[in-house]
J.: 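Have a look at this one.
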Amino acid sequence: QVQLVESGGGSVQAGGSLRLSCVASGYAYSGYSMAWFRQAPGKEREGVACISPGGSTTHYSNSVNGRFTISRDNVKNTLYLQINSLKPEDTAMYYCARSAFSCTLVGSRYNAWGQGTQVTVSS
C-alpha cells in the first residue's frame with residue numbers, strides 16, 4: 001500500500017530553518033509529481049510547493065516568497081522541503097502528497113497523503 005511518512009517538523013523561533021522529509025513506499029515514487037501542502041487552524045489547506053517526477057519543474061505558492069525549496073531523491077524515495085527565514089505565519093501542519101496528474105498546487109489532484117508534521121514558529 002502507498003505510504004507517505006513526514007518528519008522534521010518542530011518548534012522554532014522566527015528566522016530559523018527546518019528541513020522537512022517525506023519517505024514514500026508502496027509505489028513507483030520516481031513516476032509521480034509530489035507536493036507539500038499546509039493547513040493552519042481555522043484556515044483552508046494551501047499548496048506550498050510541487051515538483052515533477054524528475055525534479056526539472058517546480059512551482060511555489062506566492063506566499064513563501066523564495067524562502068522554501070522543494071527537492072527529491074528518487075533513489076531514497078524521499079521528498080524534502082527546506083524552509084528558511086521562518087515566520088509565525090508559517091505555523092501549520094505540513095503534509096506530503098502524491099499527484100494523480102502533473103506538478104500542481106491544487107489539492108484535489110493529489111491521491112495519496114501523509115499524516116503530516118507540525119511546524120510551529122514563535123516570534
J.: List, by chain and then residue number, the residues other than V2 in its hydrophobic cluster (Ile/Leu/Val/Met/Phe/Trp/Tyr, side-chain heavy atoms under 4.5 Å); write none if there are no others.
T.: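 Besides V2, the cluster holds L4, V12, L18, L20, Y27, Y29, Y32, M34, W36, V48, I51, Y60, V64, F68, I70, L79, L81, I83, L86, Y94, V119, V121.
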J.: Is it the case that the side chain of N74 and the backbone of G54 share a donor-acceptor pair, with hydrogens and angles ignored and the cut-off at 3.5 Å?
T.: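 Between the backbone of G54 and the side chain of N74 there is no qualifying donor-acceptor contact (under 3.5 Å).
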J.: Is S7 close to S21 at the side-chain level, that is, under 4.5 Å between some pair of heavy atoms?
T.: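 Of all side-chain heavy-atom pairs linking S7 with S21, at least one is under 4.5 Å.
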J.: Roughly how far apart are N111 CG and S99 OG, rounded to 0.5 Å?
T.: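 So the CG of N111 and the OG of S99 are separated by 7.0 Å.
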J.: Once ring pair (Phe, Tyr, Trp, His ring centres under 6.0 Å) is applied, what residue pairs with a partner in residues 102-123 remain, sequence neighbours excluded?
T.: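 For residues 102-123: F37-Y110, F37-W113.
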J.: Checking T120 side chain against S11 main chain: does a donor-acceptor pair fall under 3.5 Å?
T.: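 Answer holds: no.
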J.: Provide the closest heavy-atom pair for C103 versus H59 in the form atom of the first, atom of the second, distance.
T.: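 Here C103 and H59 meet closest at SG-CD2, 3.4 Å.
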J.: Okay, side chain of E6, backbone of Q115: is any donor-acceptor separation there less than 3.5 Å?
T.: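 Yes; at least one donor-acceptor contact below 3.5 Å.
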J.: Around Q118, counting heavy atoms of other residues, nucleotides and ligands shown, do more than 12 lie under 6.0 Å from its CD?
T.: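 Yes, CD of Q118 has more than 12 neighbouring heavy atoms, counting only those of other groups under 6.0 Å.
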J.: Show the nearest heavy-atom pair for residues R45 and Q39, with the distance to one decimal.
T.: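 Here R45 and Q39 meet closest at N-NE2, 3.8 Å.
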J.: Looking at residues at least two apart in the chain, or sitting in another chain, which of them share a side-chain contact (heavy atoms from CB on, under 4.5 Å) with S63?
T.: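 side-chain contact (heavy atoms from CB on, under 4.5 Å) check on S63 returns R38, E46, S61.
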J.: Which pair of non-hydrogen atoms, one from R67 and one from K87, has the smallest distance, and what is that distance?
T.: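 So the minimum-distance heavy-atom pair works out to NE-CE, 3.8 Å.
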J.: With distance as the sole criterion, is a donor-acceptor pair present between the side chains of D73 and T78 under 3.5 Å?
T.: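 Checked: D73/T78 side chains show no N/O donor-acceptor pair below 3.5 Å.
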J.: Does the pair R72 and Y80 meet the rule for a side chain to side chain contact (heavy atoms under 4.5 Å, CB included), with working shown?
T.: CA-CA 6 Å; R72 64 191 298 162; Y80 302 98; 5.8 Å; no
J.: Is it true that, when you exclude E89 itself, more than 12 heavy atoms of the residues, nucleotides or ligands shown sit nearer than 6.0 Å to its CD?
T.: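 Correct, the count exceeds 12.
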J.: Work out which heavy atom in S123 is nearest to a heavy atom in P88; give both atom names and the distance.
T.: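 Between these two residues, the closest heavy atoms are CB-CG, 4.1 Å.
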J.: Roughly how far apart are S17 OG and Q82 CD, rounded to 0.5 Å?
T.: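 The OG atom of S17 sits 6.0 Å away from the CD atom of Q82.
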J.: Of all the heavy-atom pairs spanning A92 and A40, show the shortest one and how long it is.
T.: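 Smallest heavy-atom distance, with atoms named: CB-N, 3.8 Å.
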J.: Take C50 and S33 through the side chain to side chain contact (heavy atoms under 4.5 Å, CB included) test and state the conclusion after the steps.
T.: CA-CA 7 Å; C50 66; S33 292; 5.9 Å; no
